[in-house]
Amino acid sequence: MASVVLEPALAGRIRYRALALRRILVLAGLTVALVLSVCVDLALGPARYTLAQVISALTDPAAVSDQLRVVIWDIRLPIALIAVTVGASLSTAGAQMQTILANPLASPFTLGISAAASFGAALALVAGVALFPGAVQYAVPVNAFLMAVAASLFIYFASTLRGVSVQTIVLLGIALVFTFNAALSLLEYLASEQALAAVVFWTMGSLTKATWDKVAITALILVLTLPLFMKDAWALTALRLGDEKAESMGVNVRALRLKTLLLISLLAAIPVSFVGTIGFVGLVGPHIARMCVGEDQRFFLPCSVICGALLLSVTSVVSKVLIPGAILPIGVITALVGVPFFFALIFSNRRRAW
Amino acid sequence: MVALALDGIGAAYGRHIVLADVGIDVLKAGSLTAVIGPNAAGKSTLFKRIAGLIKGPGLVELSDSARGERAICYMPQDTGANAVLTVYESVLLAAKQGSSWKVHDGELVEIDETLKALRIEDLAFRGLGELSGGQRQLVSLAQALVRRPEVLLMDEPTSALDLHRQIEVLGFVASLAERTGMIVLIALHDLNHALRYCANAIVIANGQMAVSGASAEVINEAMLRDIYKVNARIERCSKGRPLVIVDSPCLEAPAAQPAQPAQKVPAPV
């Protein structure tokens, strides 16, 4: 059998193109899986539909029964889509936090943004405090959002101080987690039984309060921030080689880090204020993406987006299947679904994942 | 041909002055200049200052370069990154900084050629985390060279390399400089390498330039005693090359004093 010996110089180029193609195929495969997962999510519920019914309701709403249309479009679609947008946002935020802080444990959860949001929500639920008096009926999400932004801005301004290192930022984040958790526990201790139940339910995360407005807002934030990250793809990738190396390649490390942190704040704060604490996606979504396509941001960023969306969408499906008729808290199921999958990836992946 | 001159450059971290008044009349194209001196003398700071990565007094004058500051490339000491990237990708991203997402064939050819020149093409699709210290240094060099610098500032590029690779890399850089007219400043701890590969040397001590000039003149017994605090001899080997032979540390170290004011030596050529 004749074998072709490629010149090494030629082989490198060809192998790189093959690698890039393989990554594009992985992204395409994950996207198909996401679409399928959303369709299954739409089909499942108290009334079960076939995939064919779901697809016809989506593609030609006028041709299906009123009941099917209302269930799919008004009830299930916002929930299924908010799983996608929230999963994508949290995973992207986690990915970029891990990138700019050079820390595999960084996520909206670890830096105290989720804890701050929980505290804000609990303020409204337990003490009836509305941080923004103009929107009393939306006090819970508005409080959560304001606290999450406050926590993000605190981290942001702390990191603009001279001499503050990446490690300091991570430590500050951990300090925030403990502070807000302690404050939350105090509120819970003082709360009435009813308010306590509401707080616990909120902190477990839930997609069921999804509306088209919330879907639109979370999608809009993604649409606004992703192109900005994409523009910096090479620079963000260079950051993973270390600050000094990135600087030597002409990256303004400080400015890039601050800009990215500001965008992350938005990406993390809004979803958390809508659906409560969902910790696992922001941490693990990026790790799964990293294992699938490496850390070239041109692939890593879209892969983090899709992995996060897929993770939360599959979770939504599983939470309906586990106990039919009952919808289990999404934050709990995310970890239960994600951990075995994540373990399997870690142990099957021979390359160092971090 | 590009030429580089330094006029009284300095740098400070906060109020702490780490580099002061370093001046070189002109560094001509195609030459290697060793930057030598004890640990923490300010060699890396000098490089960062020249590359524009830190600000400070004085002037870095680069003449006859079309690309301005972008022509200067600093190759930092290796810090062992753990990014999930292949060697090939890490060199590609060095080449692509500041440009578009699209990767052209020409750019890939350049990466292939750079890896081949450094004889690390077989590492191309290994992960950065799997490399040894020496391999990482070679990848760092590839990342610097792929950017086609006109001035290359190498911070201890051979510290983790075996003997064979040390002379191979230094010989390669020297011939590349000669061929392309690149100016290379190279921080070295091995003074025998400095004598062999670098026409000129700059001695940095306590954040100041102690002396500069032709390597064979600058590296002498008095300098080794004053700056490095060792008793050493310079002797010629059987092939006539000067060799530094270190006998012992100086027992009575001269009183700690700031380095002599920069001694202006005729322009190293």
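On a predicted model such as this, the values are computed, not experimentally measured, just so you know. In what follows, chains are A, B, ... by sequence order, proteins preceding strands, each numbered from 1.
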Relative to chain A, which of B:L93, B:D122, B:L153, B:L53 shows the most heavy atom pairs under 4.5 Å?
B:L93
Side chain to side chain contact (heavy atoms under 4.5 Å, CB included), paired with A:M97, selected from A:I264, A:T260, A:T110
A:I264
So which part of B:L128 gets closer than 4.5 Å to some heavy atom of chain A, the side chain, the backbone, both or neither?
side chain
What part of A:L239 gets within 4.5 angstrom of chain B, counting heavy atoms only: side chain, backbone, both, or neither?
neither
Partner chain B: residue of A:A235, A:A20, A:G242, A:G250 with the largest heavy-atom pair count (under 4.5 Å):
A:A235
B:G56 backbone acceptor or donor facing B:R49 side chain under 3.5 Å
yes
In plain terms, say whether A:R240 and B:E89 are close enough for a salt bridge, that is, a side-chain N and a carboxylate O under 4.0 Å apart.
no
Under 4.5 Å from any heavy atom of chain A - which part of B:A94
both
For chain B, the option from A:E244, A:R298, A:E247, A:M230 that forms the most heavy-atom pairs under 4.5 Å
A:R298
Can a donor-acceptor pair be found, under 3.5 Å and without considering hydrogens, that links the side chain of A:S248 to the backbone of A:K245?
yes
I need the residue from B:F125, B:Y74, B:Y13 with the largest number of non-hydrogen atom pairs under 4.5 Å to chain A.
B:F125
Out of B:S90, B:S100, B:P76, B:A144, which one racks up the most heavy-atom pairs below 4.5 Å with chain A?
B:P76
Side-chain ion pair, A:D296 and A:R23, N-O less than 4.0 Å
no
If you count heavy-atom pairs within less than 4.5 Å of chain A, which of B:K48, B:K96, B:E107 leads?
B:K96
Salt bridge check: are B:E113 and B:K116 linked by an N-O gap of less than 4.0 Å?
no
Do A:E295 and A:R290 meet the salt-bridge criterion of a basic N to acidic O distance under 4.0 Å?
yes
